[in-house]
Amino acid sequence: MAAVIDVQLLRDDPDLVRRSQDARGNDPATVDAALEADRVRRESIRAYETLRAEQNARSKEIGRTPKEERQALLDEVKELSERVKAAQAAVAEAEAAFTAAAESIENLVIEGVPAGGEENFTVVKHVGEKPVFDFEPRDHLKLGELLGAIDMARGAKVSGARFDYLRGVGARLELAVMQLGLQKALDNGFVMLTPPTLVKPEIMHGTGFLGEHADEVYHLERQNLYLTGTSEVALAGYHADEIIDVTEPLRYVGWSTCYRSEAGSAGKDTRGIIRVHQFNKVEMFVYIDPAEAEAEHERLLQWQEEMMAALELHYRVIDTAAGDLGSSAARKYDIEAWVPTQDAYRELTSTSNCTTYQARRLNIRARGDEGRTAPVATLNGTIATTRWLVALLETHQRADGSVVVPEALRPHLGGLDVLEPVQP
RNA sequence: GGAGAGAUGGCCGAGUGGUCGAAGGCACUCGCUUGCUAAGCGAGCGUACGGUGAAAAGCUGUACCGAGGGUUCAAAUCCCUCUCUCUCCGCCA
């Protein structure tokens with residue numbers, strides 16, 4: 001059974017864990033429940049093992065005992081084996097109870113992360129200037145339609161609401177953004193993976209997406225497989241149940257389609273491709289020594305910011321509040337780009353430091369100096385995704401409905417420097 | 001989809017009910033040795049959880065031979081289910 005939390009830490013410093021739960025808006029009493037369950041669990045293990053040891057010892061005697069003397073011993077051990085069975089059942093029960101209790105404790109938030117819910121984020125910085133227009137800017141869908149780049153109506157016809165076709169320059173623009181992101185990752189030593197987008201329950205569970213976000217996840221009942229909402233899932237599963245070497249961080253970049261059911265978001269972002277059931281994403285994923293995780297997190301953010309700069313977007317960086325982290329993340333930075341027609345910053349990237357939470361649940365360890373194994377840290381971050389088209393189109397639009405292609409994307413569009421309307 | 005074979009420690013590979021956590025080999029680690037291109041000799045060498053420790057040291061217990069369940073006093077060994085791999089046939093984007 002994979003450990004769901006650091007039991008040692010739970011026993012040694014329960015207050016720390018209580019504070020973390022509190023910052024997330026979770027009930028700190030979950031910590032005490034887990035401690036008690038741990039105590040019961042250990043007690044039952046001890047009782048079982050003592051009995052089992054005796055049974056083993058007596059059983060071995062049977063083999064050495066002459067036939068005529070065996071029967072008495074047999075009767076005795078038979079009775080013992082009944083008690084062992086009962087004790088074993090008690091252990092299974094106690095283990096399950098402990099796991100259940102421990103599951104309600106989410107990853108320990110990092111010192112400095114703002115407490116509270118979604119609205120309690122802190123703004124780390126603003127970069128660039130809001131674009132100004134001497135005309136009424138069109139929203140991304142209007143632009144997409146003018147350019148023959150986005151077709152929501154046919155998406156809905158074929159697959160339903162929140163599905164779209166990218167078309168013509170739209171499809172090419174998405175690919176260009178993806179290519180640019182991939183190149184950025186490759187330049188920094190990432191190894192590219194195109195991962196499966198259907199995964200087994202234990203992998204989905206291990207990454208923490210079956211917690212609060214369970215209803216966001218597509219599940220294929222017949223095959224009992226989950227469609228991933230990000231390649232993070234399969235990238236985290238890549239080294240599941242392995243002992244790996246993280247003397248140097250293992251950096252992977254995954255390119256995949258992502259599926260999200262967007263349950264409970266009815267009425268929200270219904271226009272355009274801001275929030276759809278299916279999109280594409282290039283995702284960075286890192287396995288690293290836990291001591292290096294926070295520094296790596298800053299690096300991931302840095303690379304994401306370099307992408308924003310390359311695409312000439314105005315953005316801000318926020319440090320997400322504890323209550324809005326999701327179960328796995330210990331800290332999360334989002335880059336939100338300015339979307340002119342919404343008069344708002346919208347999330348374009350997200351990077352999470354999951355510390356040892358996912359690695360613990362997926363049983364991914366590294367060997368330390370003493371030869372001991374310990375869970376590694378995992379981090380992830382967006383380096384390109386379809387949603388970026390929204391900010392790109394709106395930011396770089398011109399009065400006639402054309403859109404200027406940022407310098408950095410042109411090589412990936414065959415030199416195209418302006419996207420021109422295909423219809424008046 | 002049909003038929004068959006298989007799954008044992010980092011790798012190879014023994015082992016068909018008790019003394020097997022598992023022979024042997026390779027690889028690796030440590031030590032010794034050797035003037036001949038690297039060999040020889042000795043020792044060590046899995047993981048997890050529990051107990052006892054200040055201890056991630058040591059000692060000790062339990063579990064693990066693809067996974068789960070069963071039979072038995074006792075299972076790597078017997079039975080059932082599942083997963084995966086390989087071979088052949090069929091089908092197919």
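Below, chains carry the letters A, B, ... as their sequence lines are ordered, and counting in each starts from 1.
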How far, in whole Å, is [M] from [N] if one measures between their [atom1] atoms?
{"N": "G24(B)", "M": "C36(B)", "atom1": "P", "value": "30 Å"}
{"N": "G44(B)", "M": "G51(B)", "atom1": "C1'", "value": "26 Å"}
{"N": "A22(B)", "M": "C80(B)", "atom1": "C1'", "value": "25 Å"}
{"N": "C73(B)", "M": "A3(B)", "atom1": "C1'", "value": "41 Å"}
{"N": "G46(B)", "M": "A23(B)", "atom1": "P", "value": "11 Å"}
{"N": "U33(B)", "M": "G17(B)", "atom1": "P", "value": "48 Å"}
{"N": "C86(B)", "M": "A43(B)", "atom1": "C1'", "value": "40 Å"}
{"N": "U8(B)", "M": "G66(B)", "atom1": "C1'", "value": "10 Å"}

Would you kindly give the [atom1]-to-[atom2] distance between [X] and [N], to the nearest whole Å?
{"X": "Q88(A)", "N": "A74(B)", "atom1": "CD", "atom2": "P", "result": "10 Å"}
{"X": "R365(A)", "N": "A56(B)", "atom1": "CZ", "atom2": "P", "result": "17 Å"}
{"X": "K60(A)", "N": "G61(B)", "atom1": "NZ", "atom2": "C1'", "result": "12 Å"}
{"X": "N363(A)", "N": "G66(B)", "atom1": "CG", "atom2": "C1'", "result": "16 Å"}
{"X": "D241(A)", "N": "G10(B)", "atom1": "CG", "atom2": "C1'", "result": "16 Å"}
{"X": "E54(A)", "N": "A63(B)", "atom1": "CD", "atom2": "P", "result": "14 Å"}
{"X": "E202(A)", "N": "G68(B)", "atom1": "CD", "atom2": "P", "result": "12 Å"}
{"X": "R367(A)", "N": "C45(B)", "atom1": "CZ", "atom2": "C1'", "result": "11 Å"}

Whom does [N] pair with, Watson-Crick or G-U wobble, provided both distances fall under 3.5 Å?
{"N": "U37(B)", "result": "none"}
{"N": "G1(B)", "result": "C89(B)"}
{"N": "C28(B)", "result": "G44(B)"}
{"N": "G50(B)", "result": "U60(B)"}
{"N": "U81(B)", "result": "A67(B)"}
{"N": "C20(B)", "result": "none"}
{"N": "G9(B)", "result": "none"}

Below 4.0 angstrom, N of the basic side chain to O of the carboxylate: do K78(A) and D75(A) qualify? no

Pairing of R58(A) and E61(A) as salt bridge, 4.0 angstrom limit: yes

Under 4.0 angstrom, heavy atoms only, what part of the nucleic acid is [X] near: base, sugar-phosphate, or nothing?
{"X": "Q55(A)", "result": "sugar-phosphate"}
{"X": "N56(A)", "result": "sugar-phosphate"}
{"X": "L74(A)", "result": "base"}
{"X": "R11(A)", "result": "sugar-phosphate"}

Side chains of M284(A) and L379(A) in contact at under 4.5 Å (non-hydrogen atoms): no

Proximal nucleotide (of [options]) relative to the [X] side chain:
{"X": "A53(A)", "options": "A74(B), C49(B), U62(B)", "result": "U62(B)"}
{"X": "R372(A)", "options": "C73(B), A57(B), G51(B)", "result": "A57(B)"}
{"X": "R52(A)", "options": "A63(B), G61(B), G51(B)", "result": "A63(B)"}
{"X": "I243(A)", "options": "U62(B), U47(B), C73(B)", "result": "U47(B)"}

Using the glycosidic torsion, which applies to G53(B): syn (within 90° of 0) or anti (everything else)? syn

Whichever of K200(A) and A374(A) has the more 5' nearest nucleotide on RNA chain B, that residue is A374(A)

Per nearest nucleotide of RNA chain B, the residue lying toward the 5' end, Q8(A) or T373(A), is T373(A)

Residue pair H239(A), Y252(A): steps toward the ring pair (Phe, Tyr, Trp, His ring centres under 6.0 Å) verdict: CA-CA 11 Å; H239(A) 284 301; Y252(A) 296 102; 5.5 Å; yes

To the nearest 0.5 angstrom, please state how far the CG atom of L419(A) sits from the CG atom of L409(A). 9.5 Å

Determine the sole option in E336(A), R275(A), E394(A) for which the side-chain contact (heavy atoms from CB on, under 4.5 Å) test with R346(A) is passed. R275(A)

Hey, does the Lys NZ or Arg CZ of R154(A) hover above the aromatic six-ring of Y165(A), less than 6.0 Å from the centre and inside 45° of the axis? no

For the pair W388(A) and F279(A), evaluate ring pair (Phe, Tyr, Trp, His ring centres under 6.0 Å) and give the outcome as yes or no after the intermediate values. CA-CA 11 Å; W388(A) 293 14; F279(A) 57 95; over 10 Å; no

Is the shortest side-chain N/O distance from R58(A) to OP1 or OP2 of A74(B) below 4.0 Å? no

